[in-house]
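A short write-up of the structure that comes next.
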Amino acid sequence: MPIQDDFTLNCAAKTISHTANTTRYTVQEFYSWIMDLFDDAAQMDDPVPMSAQTPKEYQFINSWSFAADSDYGYLKSGAIVDNTNNDL
């Protein structure tokens, strides 16, 4: 299944939730999906949710975060710092 089938964005709440399957993606794959999604014209009015610090370290920005700490469990091989200083 593609990553977009496994995660759901709530732009109003600025949260991302893992909603399907057990596939674990690299943090870089997750970041690339998010950035590709926010490059689409339909998302242009929403603030970008992430920034890259290094090729393996990322940060949630603009008040975005995972909806639950368990959402981190579906990512591997990298780190995401969120607004509450949780990291993968």
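Please read these numbers as outputs of a predicted model, since none were measured by experiment. Hydrogens, waters and symmetry mates are skipped; everything else that's a heavy atom, side chains included, is used.
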Closest heavy-atom contact between Thr26 and Leu75?
O-CD2, 4.2 Å
Could you walk me through whether Ile80 and Met50 pass the side chain to side chain contact (heavy atoms under 4.5 Å, CB included) test, one step at a time?
CA-CA 9 Å; Ile80 298 176; Met50 295 181 78; 3.9 Å; yes
Name the one of Tyr72, Trp64, Tyr58 that satisfies side chain to side chain donor-acceptor pair (under 3.5 Å) with Asp82?
Tyr72
Return the minimal non-hydrogen interatomic distance between Lys56 and Ser77, and the atom names on each side.
NZ-O, 4.0 Å
On a heavy-atom basis, which atom in Tyr31 and which in Ser51 lie closest, and how many Å separate them?
CE1-C, 4.0 Å
Between Glu57 and Thr54 (side chain of the first, backbone of the second, donor and acceptor by atom type, cut-off under 3.5 Å), is there such a pair?
no
Ignoring hydrogens and geometry, is there a side-chain-to-backbone donor-acceptor pair from Asp71 to Ala68 under 3.5 Å?
yes
Of all heavy-atom pairs between Phe38 and Asp46, which one has the smallest distance, and what is that distance?
CE2-CB, 3.7 Å
Could you tell me whether a side-chain N or O of Asn10 sits under 3.5 Å from a main-chain N or O of Thr15, the two making a donor and an acceptor?
no
For a 4.5 angstrom cut-off between non-hydrogen side-chain atoms, does Tyr25 reach Phe7?
yes
Kindly compute the distance separating CG (Leu9) from CD1 (Ile34), expressed to the nearest 0.5 Å.
4.5 Å
Under 3.5 Å, is there a donor-acceptor pair between the side chain of Arg24 and the main chain of Tyr74?
no
Hey, are the side chains of Lys14 and Pro49 touching, using non-hydrogen atoms and a 4.5 Å cut-off?
no
Do the side-chain N and O atoms of Gln43 and Asp40 include a donor-acceptor pair separated by under 3.5 angstrom?
no
SG of Cys11 to CD1 of Ile16, rounded to nearest 0.5 Å, is 9.0 Å
